[in-house]
J.: 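I'd like to ask some things about the structure below.
Here the structure is a predicted model, which means the values were calculated and not measured. By convention here, the first residue in the shown sequence is residue 1.
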Amino acid sequence: ELFSVLCGKSLLLPGQMSDALQRHISSYLTMAIGLAICLLPLVGGPANARLVIKEITKTYNVSGRSGKQVHAKLGRSGPWKMRRKHAIAATQRVLDFSQIKFAPRGNKCAMVKMDIHLTLTYFYPRWTNKKFASKKAQKSWDRFLAELVRHEKVHGKLFKTTARQFDKELKKISKRTYRNCRTMSSVVKSSLSKTFKKGRAKHVAFDRREKRPTARVRKLEIAFFRSR
């Protein structure tokens with residue numbers, strides 16, 4: 001699971017979403033919302049909402065003639081550059097809040113645009129010389145890889161659920177006006193921060209279950225490691 005917030009074209013925070021990130025969520029949201037305020041149109045209008053979700057799949061190569069050999073490569077390869085620790089497979093999420101825009105409406109402030117762009121990139125291993133391995137090892141790999149895909153797709157589903165909740169919260173806020181845009185940005189920041197935390201808790205709970213020795217993904221990983 002990976003997290004980043006995109007403000008304009010600058011990636012504010014690449015890397016694994018951690019407890020440290022949770023402590024800084026408010027400041028990152030402030031940056032994103034701050035940019036939106038800088039882009040204010042001169043006149044207000046009806047709020048336009050749009051949630052855009054894009055999914056991308058990427059692979060990295062590993063090689064070997066047995067499960068043990070390939071597993072060793074998995075331990076040295078993978079999406080290292082996007083994480084602070086190694087992972088065999090990963091899901092990177094990029095959220096772009098730069099299109100949240102406020103504008104004066106009379107002597108108050110209103111939200112006039114609230115586009116959210118979510119990009120999910122899935123990273124999986126690709127066994128390049130799989131055809132030279134035994135049929136048993138190939139079948140074991142296929143089962144393990146399918147389970148890795150299922151695992152990451154659950155993270156993707158949770159990310160999309162959180163993005164839809166962001167969209168829902170912004171629509172509620174857009175129906176009201178505020179004394180000034182600073183007050184409105186504070187309301188938006190608080191609402192999104194709460195949604196972040198709820199979404200994060202679901203990812204943590206899911207990964208905790210998947211790390212158990214009895215989890216299917218762990219059993220299939222061991223079975224592949226032992227295949228010859």
Side-chain angles (χ1 to χ4, degrees), residues 1-55 91-121 154-207:
E1 171 206 355
L2 297 151
F3 172 83
S4 55
V5 174
L6 193 65
C7 189
K9 293 185 178 179
S10 300
L11 194 60
L12 296 181
L13 183 66
Q16 182 185 22
M17 188 166 181
S18 61
D19 292 337
L21 170 59
Q22 288 297 323
R23 293 194 296 269
H24 295 295
I25 279 177
S26 293
S27 63
Y28 290 118
L29 288 176
T30 299
M31 290 184 204
I33 294 168
L35 176 62
I37 293 175
C38 292
L39 298 175
L40 286 176
L42 296 177
V43 293
N48 298 311
R50 187 173 60 139
L51 173 60
V52 179
I53 299 176
K54 181 179 180 181
E55 293 181 270
T91 302
Q92 181 186 47
R93 172 185 64 175
V94 176
L95 270 169
D96 183 353
F97 289 107
S98 67
Q99 295 303 308
I100 299 177
K101 298 181 181 181
F102 310 131
R105 184 170 291 172
N107 60 351
K108 295 186 178 182
C109 183
M111 190 180 300
V112 296
K113 189 175 182 181
M114 46 185 175
D115 287 1
I116 300 174
H117 292 257
L118 169 65
T119 301
L120 295 172
T121 305
V154 171
H155 279 302
K157 183 178 179 180
L158 292 174
F159 285 141
K160 286 184 278 189
T161 298
T162 299
R164 292 188 181 102
Q165 187 60 36
F166 288 152
D167 184 58
K168 182 179 178 180
E169 293 296 323
L170 289 174
K171 285 176 180 176
K172 287 182 181 179
I173 295 172
S174 72
K175 293 178 180 178
R176 302 190 294 270
T177 56
Y178 295 81
R179 291 176 300 176
N180 53 61
C181 290
R182 183 177 294 277
T183 298
M184 191 171 200
S185 68
S186 179
V187 172
V188 171
K189 181 182 72 174
S190 176
S191 177
L192 297 187
S193 182
K194 290 177 182 178
T195 302
F196 264 118
K197 291 176 182 178
K198 290 179 181 179
R200 170 59 178 164
K202 293 179 181 179
H203 285 284
V204 170
F206 171 64
D207 277 333

J.: Report yes if the side chains of Leu170 and Val188 come closer than 4.5 Å at any heavy-atom pair, otherwise no.
T.: yes
J.: With a 4.5 Å cut-off on side-chain heavy atoms, are Phe97 and Leu192 touching?
T.: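 Answer yes - side chains close enough.
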J.: Do His117 and Arg50 come close enough that some side-chain heavy atom pair is under 4.5 Å?
T.: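 They are in contact (side-chain heavy atoms under 4.5 Å apart), so the answer is yes.
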J.: Please name the pair of heavy atoms, one in Leu120 and one in Thr91, separated by the smallest distance, quoted to 0.1 Å.
T.: CD2-CG2, 4.3 Å
J.: Tell me the closest heavy-atom pair linking Ser174 and Met114, and the distance in Å.
T.: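 Smallest interatomic distance, heavy atoms only, reads OG-CE, 3.4 Å.
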J.: Taking all heavy atoms of Arg179 and all of Thr183, pick out the closest pair and write down the distance.
T.: NH2-OG1, 4.0 Å
J.: When rounded to the nearest 0.5 angstrom, what distance separates CZ in Arg200 from CG in Leu158?
T.: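 Arg200 atom CZ to Leu158 atom CG measures 11.5 Å (nearest 0.5 Å).
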J.: Which residues pass the salt bridge (Lys or Arg N to Asp or Glu O under 4.0 Å) test with Lys157, sequence neighbours left out?
T.: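 Partners of Lys157 by the salt bridge (Lys or Arg N to Asp or Glu O under 4.0 Å) criterion come out as none, since no residue qualifies.
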J.: As a test of understanding, state which of Arg93, Glu55, His155 forms a side-chain contact (heavy atoms from CB on, under 4.5 Å) with Lys160.
T.: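 Answer after filtering Arg93, Glu55, His155: Glu55.
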J.: Quick one: CD1 on Ile100 to CZ on Phe166, what's the gap to the nearest 0.5 Å?
T.: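 One finds 9.0 Å between CD1 of Ile100 and CZ of Phe166.
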J.: A side-chain contact here means heavy atoms from C-beta on lying under 4.5 Å apart; do Met111 and Ile173 qualify?
T.: yes
J.: List for me each residue that meets ring pair (Phe, Tyr, Trp, His ring centres under 6.0 Å) alongside Tyr178, sequence neighbours excluded, and say none if there are none.
T.: none
J.: Looking only at the aromatic ring of each residue, does the gap between the centers of His203 and Phe159 stay below 6.0 angstrom?
T.: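 Under 6.0 Å, so yes.
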J.: Using the side-chain hydrogen bond (donor to acceptor under 3.5 Å, both in side chains) criterion, which residues pair with Thr177? Sequence neighbours excluded.
T.: none
J.: Taking the side chain as every heavy atom from C-beta outward, state whether Leu95 and Ile116 have any atom pair closer than 4.5 Å.
T.: yes
J.: What is the minimum heavy-atom distance between Ala103 and Cys181, and which atoms define it?
T.: N-SG, 4.4 Å
J.: Do Thr195 and Thr162 make a side-chain contact, defined as non-hydrogen atoms from C-beta onward lying under 4.5 Å apart?
T.: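 Counting from C-beta outward, Thr195 and Thr162 do come under 4.5 Å.
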J.: Applying side-chain hydrogen bond (donor to acceptor under 3.5 Å, both in side chains), name anything that partners Lys194, two or more places apart in sequence or on another chain.
T.: none
J.: Under the side-chain contact (heavy atoms from CB on, under 4.5 Å) test, which residues partner Lys54, sequence neighbours left out?
T.: Ile56, Thr119
J.: Quick one: side-chain hydrogen bond (donor to acceptor under 3.5 Å, both in side chains) partners of Glu169, sequence neighbours excluded?
T.: Gln165, Ser191
